[in-house]
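To keep things clear, I will list the structure first and then write my remarks on it.
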Amino acid sequence: MRNFIKIIFISVFSLIISFSYSYASSGVFKVSHDLGFGKDTNLDPITKGRLFQVIEKTMNRLVRNDLNGVPSPSLATSWSANADASEWTFNLRKGVKFHDGSDFDAEDVKFSLMRVSANKSPAAKGISMIESVEVVDSHTVKMKLSTSFADLPLNLTDYRLRMLPSGSEDTIAKTGIGTGPFMVDKFDAEGTTILKANPDYWEGAPGVAEVHIIAISDSQARVQALLSGQIDMLRVIDYKQKPIFEGNSKFKHHVIPTGNWRGMVMRTDLEPFKDARVRKAVRMAVDRQALADLVTGGAAEVTCDHPVMKSDQYRADLSCPQDIEGAKKLLADAGYPDGIEFTVYPSSLEPTWTPIAEVVQQQVAAAGIKVNIQVVPSDGYWNDIWLKKPVAMTRWNQRPADQALNEIYHSSAKWNESLYKNAAFDSLLGMARKELDFEKRKAMYQAAQNVLWEESGTLIPYTVSKLIVTTARVNNLDEVENWSVRWHKITVD
Amino acid sequence: MVNQNQISKLKRLSEIIISIFSRPSGMIGFSIVILHIIIAIISPLIVPYDYKEINSLIMLRPPSEEFIFGTDQLGRDVFTRTLMGGRVALLVTFFGTLIAVAWGGFVGIFCGLVGGKIDDIVMRIIDAFLAIPWILAMLLIVVILGTSTEVLIPALGFFYGKGIVRVARAATHDVIARDFIMAAKARGHSNFSIIWNELLPNVRDAVMVEGAMRWSWMLLAFSSLSFLGFGVSPPTPDWGLMISEGRGLMSFAYWSVIAPIVALSSLIIGINLSADAFAKALGIDRTQKAPV
């Protein structure tokens with residue numbers, strides 16, 4: 001009998017141990033970032049240099065995209081609007097703690113959202129309609145808008161609108177404190193940033209004990225790092241490199257269609273691009289399907305110079321075949337009968353930029369447009385080249401239509417990279433926000449996309465299908481875009 | 001009328017040429033270099049396709065009768081681009097070497113001749129520059145001034161002339177104590193006259209051999225810059241750039257990098273073999289360098 005009790009005791013004890021082990025965070029999950037913001041890289045989510053590979057793992061939003069991209073509860077559990085959608089009430093999740101031990105409450109929401117416009121953040125355009133955030137009680141906030149806006153929850157899914165502890169204005173750039181599944185243990189933008197599992201995470205303890213985020217600026221060096229096992233996941237890989245990983249048991253891969261795009265930006269405040277006809281001529285001279293096939297191996301969806309993804313309810317399906325004669329005529333009408341010449345500055349930060357520039361160079365030559373290519377260093381590309389040079393390369397991750405149109409093309413937007421200014425266009429976006437009738441709202445957003453096709457300074461030839469590769473030891477990675485991934489579920493063998 | 005002096009110079013030149021080509025290394029090396037130079041000159045006339053023509057229907061085709069070296073990631077003919085890929089590199093590095101030999105040789109000889117504080121100061125400056133990794137300095141220059149040949153030729157010429165200064169100075173020290181230099185000084189010849197008439201003919205061989213070696217290093221340096229994207233601007237074909245563009249796909253599309261790799265390495269080996277044979281023909285033992 002004594003032995004029997006002993007055996008039972010040992011079995012129960014072993015069971016408890018094995019259970020506790022199976023639920024404990026273990027292993028290190030290693031990823032990379034491209035150091036594109038150089039010395040400006042930081043952990044404040046609303047700044048230009050935000051290191052999103054960290055903030056997406058250490059901070060939560062009020063509303064997040066579910067696995068289908070639909071707004072779903074995160075730190076807000078539910079929400080409702082008044083009849084004209086000018087006042088929104090959000091109920092907050094209770095019992096959530098920040099990494100410093102403080103409780104998450106309504107004051108933090110007010111602080112986190114109101115500082116976005118106060119700091120003139122690039123994210124401000126997406127929520128510029130929020131006039132005030134009122135604390136109703138410790139876990140309820142009311143947002144008063146300057147206009148009606150039916151899509152507020154959608155815009156709150158912006159990857160930068162993370163909830164921070166109130167009063168962390170001066171420290172957040174270094175601490176990265178949030179309510180997310182991982183906590184910043186060591187921040188070293190140019191070396192290895194180490195995140196540790198947050199055992200008290202409200203969705204459950206993460207599957208891995210640590211996440212290492214390593215700075216590797218060259219795109220091919222990142223691929224080599226993945227091949228050699230230095231990192232476990234790469235989310236920006238040239239699609240043509242897929243055969244390297246196919247059939248290789250050391251890696252897992254999946255492909256997801258996205259609204260992410262790569263493009264070429266002409267600054268509309270500089271000659272010869274001040275004239276909309278010149279900008280359109282350059283864009284018209286591009287054979288987008290051939291460009292997509294050449295650069296991505298066909299893993300792309302042709303688009304006509306607007307940033308609204310195919311699955312977006314407000315997308316305008318335009319047609320934009322290559323038209324060399326039309327481009328020549330536009331250039332002649334604009335006073336450039338002999339064509340134009342400009343230099344574009346790609347870098348190895350994005351593996352497809354140089355090939356895009358090379359293909360565009362060849363395609364537009366027939367229209368009398370001479371493109372010179374000067375490759376520049378990838379370190380600090382976003383500080384030194386983008387928004388500075390007359391023609392630069394660019395890339396954006398997908399955004400909802402309203403956010404994308406406002407953030408990239410509104411006259412007062414901080415990341416209006418082509419410096420496009422059109423009061424009528426701004427007014428159209430404003431009216432679309434106010435409109436409560438879906439069909440009318442849709443018509444306005446589509447009209448805005450048509451305006452961009454006519455006047456935009458940004459060539460957006462296609463949206464990409466994303467090849468995502470992990471080492472075979474990585475499990476449970478959601479096959480969705482960054483902003484929908486539930487990072488706490490990942491485990492490593 | 002050809003005078004005795006010219007006859008003896010021609011005789012020596014022919015002896016050197018015979019000596020170079022009588023050695024297997026010289027024969028092979030010079031043949032490779034000459035072949036590369038000929039290809040670089042005539043390639044625009046003999047290539048089968050336009051080097052910049054892109055075609056999405058023939059991307060990454062393996063070698064075939066139609067495309068004997070295959071096609072690259074943008075559907076361009078690798079054979080065409082390989083044949084033309086050495087033109088800019090040879091041009092830039094040839095003139096870069098001339099500049100390096102000219103300024104490095106002159107400064108080295110001058111320092112060796114005058115000695116004293118000037119020599120000390122100049123050599124310490126040279127030491128300081130030698131301490132800077134060339135790739136960092138070159139990247140800094142091309143980022144600030146661009147990647148045009150007008151920038152690359154003098155920049156490479158400057159950085160590869162530093163080593164020549166030391167060799168020229170050491171060779172000058174070997175001859176400076178000889179009687180004919182003392183005699184020239186006693187005759188009141190200027191420093192320039194002594195350098196031109198007395199020192200240059202005596203240190204020329206060492207400087208030229210060093211220059212030939214620097215040429216191969218400079219070629220490698222230029223290709224490294226192109227590999228990093230800071231040499232030749234696309235779509236101009238260049239071996240370093242071709243290797244860089246094809247490296248991500250080389251595990252399954254090896255043909256887009258094999259040809260430029262073979263071309264680049266063969267030229268560097270050719271120059272090295274030639275320089276070696278050249279040194280031996282001149283009676284310079286490169287393993288027994290004078291102290292610097």
Side-chain angles (χ1 to χ4, degrees), chain A residues 217-224 226-227 234 237-248 287-298 300 343-349 351-363 365 371-381 384-385, chain B residues 49-62 71-76 81 135-136 138-152 224-238 240-254 256-257:
Chain A
S217 57
D218 181 72
S219 55
Q220 291 310 320
R222 289 194 291 275
V223 174
Q224 293 307 316
L226 179 67
L227 287 168
L234 203 46
I237 306 183
D238 183 349
Y239 190 83
K240 285 183 184 166
Q241 291 180 304
K242 194 171 161 213
I244 297 174
F245 305 101
E246 274 176 331
N248 188 335
D287 181 344
R288 289 145 203 273
Q289 190 60 59
L291 174 63
D293 291 345
L294 281 158
V295 176
T296 71
T343 300
V344 63
Y345 299 84
S347 95
S348 67
L349 182 79
T352 60
W353 276 348
T354 305
I356 290 174
E358 286 187 75
V359 176
V360 168
Q361 181 187 51
Q362 297 307 311
Q363 289 183 342
V371 179
N372 303 309
I373 299 172
Q374 187 175 332
V375 182
V376 292
S378 50
D379 285 8
Y381 183 88
D384 304 329
I385 305 297
Chain B
Y49 298 100
D50 180 354
Y51 70 86
K52 57 182 186 296
E53 190 180 336
I54 53 179
N55 189 342
S56 61
L57 301 175
I58 51 168
M59 291 185 299
L60 295 173
R61 287 263 183 95
T71 61
D72 70 4
Q73 68 277 14
L74 295 180
R76 297 173 297 200
R81 291 178 65 80
I135 189 87
L136 277 182
M138 282 302 299
L139 286 177
L140 191 68
I141 289 170
V142 296
V143 167
I144 294 170
L145 300 176
T147 56
S148 63
T149 49
E150 294 84 355
V151 172
L152 289 170
S224 304
L225 282 177
S226 291
F227 179 83
L228 294 172
F230 304 115
V232 175
S233 293
T236 308
D238 178 82
L241 189 62
M242 289 170 74
I243 296 166
S244 174
E245 288 178 342
R247 71 189 157 134
L249 314 170
M250 64 190 279
S251 60
F252 59 93
Y254 57 87
S256 61
V257 291

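Computed from heavy atoms alone, side chains included, the values below leave out hydrogens, waters and symmetry copies. Numbered from 1 within each chain, the chains take letters A, B, ... in sequence-line order.
Heavy-atom pairs under 4.5 Å with chain B were tallied for A:Pro377, A:Pro355, A:Gly298; the largest tally goes to A:Pro377. Among B:Ala253, B:Ser233, B:Gly75, B:Pro235, the residue with the largest count of heavy-atom pairs under 4.5 Å with chain A is B:Pro235.
Considering OG of B:Ser148 and CG of A:Asn372, their distance stands at 11.5 Å, rounded to 0.5 Å. Note that the CG atom of A:Leu291 and the CD1 atom of B:Ile54 stand 8.0 Å from one another [nearest 0.5 Å]. A distance of 8.0 Å separates CG in B:Leu228 from CG in A:Asp218, rounded to the nearest 0.5 Å. In this structure, CD on A:Gln289 lies 8.5 Å from OG on B:Ser56, to the nearest 0.5 angstrom. The CE atom of B:Met59 sits 5.0 Å away from atom NZ of A:Lys240, with the distance rounded to the nearest 0.5 Å. Going from atom CG of B:Leu57 over to atom CG of A:Leu294 covers 8.5 Å, rounded to the nearest 0.5 Å.
The shortest non-hydrogen separation linking B:Gly248 to A:Ile244 is O-CD1, 3.1 Å.
Of the two parts of A:Val223, neither the backbone nor the side chain holds a non-hydrogen atom closer than 4.5 Å to a non-hydrogen atom of chain B. Using a 4.5 Å cut-off between heavy atoms, A:Asp384 makes no contact with chain B at all. With a threshold of 4.5 angstrom between heavy atoms, A:Gln241 approaches chain B through its backbone and through its side chain. Looking at A:Thr354, the atoms closer than 4.5 Å to chain B (heavy atoms on both sides) all sit in the side chain, from C-beta outward. B:Gln73 touches chain A through backbone and side chain together, each having a heavy atom under 4.5 Å away.
Under the 4.5 Å side-chain criterion, counting only non-hydrogen atoms from C-beta, A:Glu358 is in contact with B:Arg76.
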